[in-house]
Enquirer: 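Sending over a structure as structure tokens; questions will come in a sec.
Quantities reported herein were computed from a predicted structural model and do not represent experimental measurements. In what follows, residues are counted from 1 in the order of the sequence shown.
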Amino acid sequence: MGTGIVATAAASLPLQFPGLRTAATLVWAAAAVLLVVVCAVALVRLRRSYAGDPVMAQFWGAPPMALCTVGSGTLLLGKDWIGLDAALAVDWTLWTVGTLFGLGTAIWVPVKMMTTQHVRSSDTFAGWLMPVVPPMVSASGGALLAPHLPADYRQAMVLACYTMFGVSLFATLCLLPQIWQQLVLGRADNVPTSWIVLGPLGQSITAANLLAVPAAEALPAPYAQAAVAFGLLYGVPTLGFALIWSAIAASLTLRAARRGLPFTLSWWSFTFPVGTVVTGASALFAQVHTGLFAAVAVLGYVGLVGAWLVVAPRTLRLARRG
């Protein structure tokens, strides 16, 4: 998903230049190949269950987000190579599997934490958001698919996506105060994961504004106009908080880097969450063409690509060593 967001964020970037779409499509293709390879490896190692580990269990939220991200990239970019019909078939498949998987993690992981896992208050970290963010990613992906549905089914799709928006949003609101408290108390050992907070923030901005497009046609008045207004009135304050959190996370990361920050796979937290802020700002720009949203999107995308160029080669070196 950290690679796929590099592609999908480029597709809607306010600043487009020659070669960007081609480069983004190549990145999407790489993400699709990675998805197949990683899924194959995961199936081989499926006997190694992390359900009992309160830390590792959180990362079950990553696969459904990866499926939906690559699926959206197929519709936004892959259609240039494989055609719209094939792109829709792939996206529908990945979105359906990813959505069901994501709804499952949003229920199963919290239930495991509440019942069978031994979780202490000091175990709280931003990774707890991972299992509850997938429905928000599905809401964004569903907004892209809704216009391709028959008119009779479009309204149901839009309402289902808003429902998933709420599932993820309210779960995030329950967890954010705990994550903030742990950071203030200095108990968060894994600084890179503090960037995960940007994931539900940026993705919710993206979903709210992408859903405004099919909602304007599928919902009756006055809800159609309200959906468009909600995208902006929700998105702008949330973007403000996302920018403040970015500054906090950057400060924590720089402080940790000065003390020595060894590379781990948690560094991928520098990619996907930042990418969601980029897509959120781009979605706001599509509604209101102001330089502020364009600047946030473009600067965020530069940071996203820079982070990916740092993390991806290091991950490859680790993979070669097994």
Enquirer: Between the side chains of Trp195 and Thr253, does any donor sit under 3.5 Å from an acceptor?
Expert: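 A pair is found: one side chain offers a donor N or O, the other an acceptor, under 3.5 Å apart.
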Enquirer: Less than 4.5 Å apart, any side-chain heavy atom of Trp128 and any of Gln178?
Expert: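 Yes; the side chains approach each other to less than 4.5 Å.
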Enquirer: Please name the pair of heavy atoms, one in Ala106 and one in Pro135, separated by the smallest distance, quoted to 0.1 Å.
Expert: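 The pair with the smallest heavy-atom distance is CB-CG, 4.2 Å.
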Enquirer: Does any non-hydrogen side-chain atom of Ser204 lie less than 4.5 Å from one of Tyr234?
Expert: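 Tyr234 reaches Ser204 side chain to side chain.
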Enquirer: Any side-chain donor paired with an acceptor under 3.5 Å for Thr74 and Trp28?
Expert: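 Short answer, yes.
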Enquirer: Identify the heavy atoms of Ala146 and Val158 that sit nearest to each other, and give their distance.
Expert: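 Looking at all heavy atoms of both residues, the shortest contact is CB-CG2, 4.5 Å.
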Enquirer: Side chain to side chain contact (heavy atoms under 4.5 Å, CB included) between Tyr301 and Leu304: does it pass, once the steps are laid out?
Expert: CA-CA 5 Å; Tyr301 189 72; Leu304 169 63; 3.9 Å; yes
Enquirer: Got Val167 and Val132 here, is their nearest side-chain heavy-atom distance under 4.5 Å?
Expert: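 Contact flag for Val167/Val132 side chains = no.
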Enquirer: Are Pro273 and Val197 packed together at the side-chain level, in the sense that at least one heavy-atom pair is separated by less than 4.5 angstrom?
Expert: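 With C-beta onward as the side chain, the pair stays apart.
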Enquirer: Give the intermediate values and the outcome of side chain to side chain contact (heavy atoms under 4.5 Å, CB included) for residues Arg314 and Leu318.
Expert: CA-CA 6 Å; Arg314 284 172 168 78; Leu318 281 180; 6.0 Å; no
Enquirer: Can you tell me how far CG of Leu144 sits from CG of Asp91, rounded to the nearest 0.5 angstrom?
Expert: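 So the CG of Asp91 and the CG of Leu144 are separated by 7.5 Å.
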Enquirer: Show your working on side chain to side chain contact (heavy atoms under 4.5 Å, CB included) between Thr69 and Phe272 and close with a plain yes or no.
Expert: CA-CA 10 Å; Thr69 300; Phe272 185 82; 3.5 Å; yes
Enquirer: Can a donor-acceptor pair be found between the side chains of Trp308 and Thr3 at a distance below 3.5 Å?
Expert: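 Looking only at side-chain atoms, Thr3 and Trp308 do form a donor-acceptor pair, the distance falling under 3.5 Å.
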Enquirer: Taking everything shown except Trp180 itself, do over 12 heavy atoms lie less than 6.0 Å from its CH2?
Expert: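 Check fails, neighbour count at 12 or below.
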Enquirer: Any donor and acceptor pair, going by atom type alone, linking the side chain of Trp95 with main-chain N or O of Ser138 inside 3.5 Å?
Expert: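 Yes.
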Enquirer: Output the distance between atom CG (Leu201) and atom CG (Leu129), rounded to the nearest 0.5 Å.
Expert: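 Reported to 0.5 Å precision, the distance equals 8.5 Å.
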Enquirer: Linking I/L/V/M/F/W/Y whenever their side-chain heavy atoms sit closer than 4.5 Å, directly or via other members, would Leu13 and Leu309 fall into one cluster?
Expert: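 Yes, Leu13 and Leu309 fall within the same hydrophobic cluster.
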Enquirer: Nearest 0.5 angstrom please: Leu20 CG to Leu15 CG, how far?
Expert: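 It comes to 8.0 Å.
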Enquirer: Under a single-linkage definition using a 4.5 Å side-chain heavy-atom cutoff for Ile, Leu, Val, Met, Phe, Trp and Tyr, are Trp60 and Val38 assigned to the same hydrophobic cluster?
Expert: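 Shared cluster, no.
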Enquirer: For the backbone of Ala218 and the side chain of Gln155, can you confirm whether one donor and one acceptor N or O come within less than 3.5 Å of each other?
Expert: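 Yes: the side chain of Gln155 pairs with the backbone of Ala218.
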Enquirer: May I ask you to check whether over 12 heavy atoms, not counting those of Phe241, lie within 6.0 Å of atom CZ?
Expert: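 Enclosed: over 12 neighbouring heavy atoms sit under 6.0 Å from CZ of Phe241.
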Enquirer: Check the orientation of Phe165 and Phe230. Use parallel for under 30°, tilted for 30 to 60°, and perpendicular for over 60°.
Expert: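 Perpendicular.
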Enquirer: So, Gln16 side chain and Ala10 main chain: donor-acceptor pair closer than 3.5 Å or not?
Expert: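 Yes, because the side chain of Gln16 sits within donor-acceptor range (under 3.5 Å) of the backbone of Ala10.
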Enquirer: Are Met65 and Gln203 close enough, and set up right, to give a side chain to side chain contact (heavy atoms under 4.5 Å, CB included), and what steps lead you there?
Expert: CA-CA 11 Å; Met65 287 190 278; Gln203 198 67 55; over 6 Å; no
Enquirer: For a quick test of reading the model, state the closest non-hydrogen atom pair linking Ser266 to Thr193 and the distance between them.
Expert: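 So the minimum-distance heavy-atom pair works out to CB-CG2, 4.2 Å.
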Enquirer: Grouping I, L, V, M, F, W and Y whenever their side-chain heavy atoms are under 4.5 Å apart, do Phe263 and Val310 come out in a common cluster?
Expert: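 Looking at the clustering, Val310 is in the same group as Phe263.
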Enquirer: Drop me the distance from Leu100's CG to Thr105's OG1, to the nearest 0.5 angstrom.
Expert: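 Separation between the atoms: 11.0 Å.
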Enquirer: Heavy-atom distance under 4.5 Å between the side chains of Leu84 and His148, does that happen here?
Expert: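 Yes, their side chains come closer than 4.5 Å.
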Enquirer: For a side-chain contact (heavy atoms from CB on, under 4.5 Å) with Leu67, tell me which candidate from Thr96, Val97, Thr93 qualifies.
Expert: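 Single side-chain contact (heavy atoms from CB on, under 4.5 Å) partner of Leu67 among Thr96, Val97, Thr93: Val97.
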Enquirer: Quick check on the hydrophobic clustering: are Ile248 and Leu239 connected, directly or via other members, by side-chain heavy-atom contacts under 4.5 Å?
Expert: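 Per the 4.5 Å side-chain linkage, Ile248 and Leu239 are co-clustered.
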Enquirer: Would you say the side chain of Thr315 lies within less than 4.5 Å of the side chain of Trp268, judging by non-hydrogen atoms?
Expert: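 SC-SC contact between Trp268 and Thr315 confirmed.
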Enquirer: Does any N or O in the side chain of Tyr162 come within less than 3.5 Å of the main-chain N or O of Ala139, such that one atom is a donor and the other an acceptor?
Expert: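 Judged by distance alone, no pair lies under 3.5 Å.
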Enquirer: Any side-chain heavy atom of Val296 within less than 4.5 Å of one from Leu243?
Expert: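 Yes, side chains in contact.
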Enquirer: Hey, what do you get for CE (Met1) to OG1 (Thr276), rounding to the nearest 0.5 Å?
Expert: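 Between Met1 CE and Thr276 OG1, I get 10.0 Å after rounding to 0.5 Å.
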Enquirer: Report yes or no: do Leu103 and Met114 belong to one cluster of Ile/Leu/Val/Met/Phe/Trp/Tyr joined by side chain heavy-atom distances under 4.5 Å?
Expert: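 Cluster IDs for Leu103 and Met114 differ.
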Enquirer: When you compare the side chain of Val288 with that of Leu284, does any pair of heavy atoms fall below 4.5 Å?
Expert: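 In short, these two side chains do not touch, never coming nearer than 4.5 Å.
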Enquirer: Grab the two heavy atoms, one from Cys68 and one from Thr99, that are nearest each other, plus how far apart they are.
Expert: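 Looking at all heavy atoms of both residues, the shortest contact is SG-N, 4.1 Å.
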Enquirer: Taking all heavy atoms of Ser140 and all of Leu210, pick out the closest pair and write down the distance.
Expert: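 Of all heavy-atom pairs spanning Ser140 and Leu210, the closest is O-CD1, 3.9 Å.
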Enquirer: If you round to the nearest 0.5 Å, how far is CH2 of Trp92 from CG of Leu75?
Expert: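 CH2 of Trp92 is found 10.0 Å from CG of Leu75.
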Enquirer: If you take all heavy atoms of Leu149 and Arg154, which pair is closest and at what distance?
Expert: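 For Leu149 versus Arg154, the nearest heavy atoms are O-NH2, 2.8 Å.
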Enquirer: Kindly check if the number of other-residue, nucleotide or ligand heavy atoms within 6.0 Å of OH (Tyr153) is above 12?
Expert: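 Result for OH/Tyr153: open.
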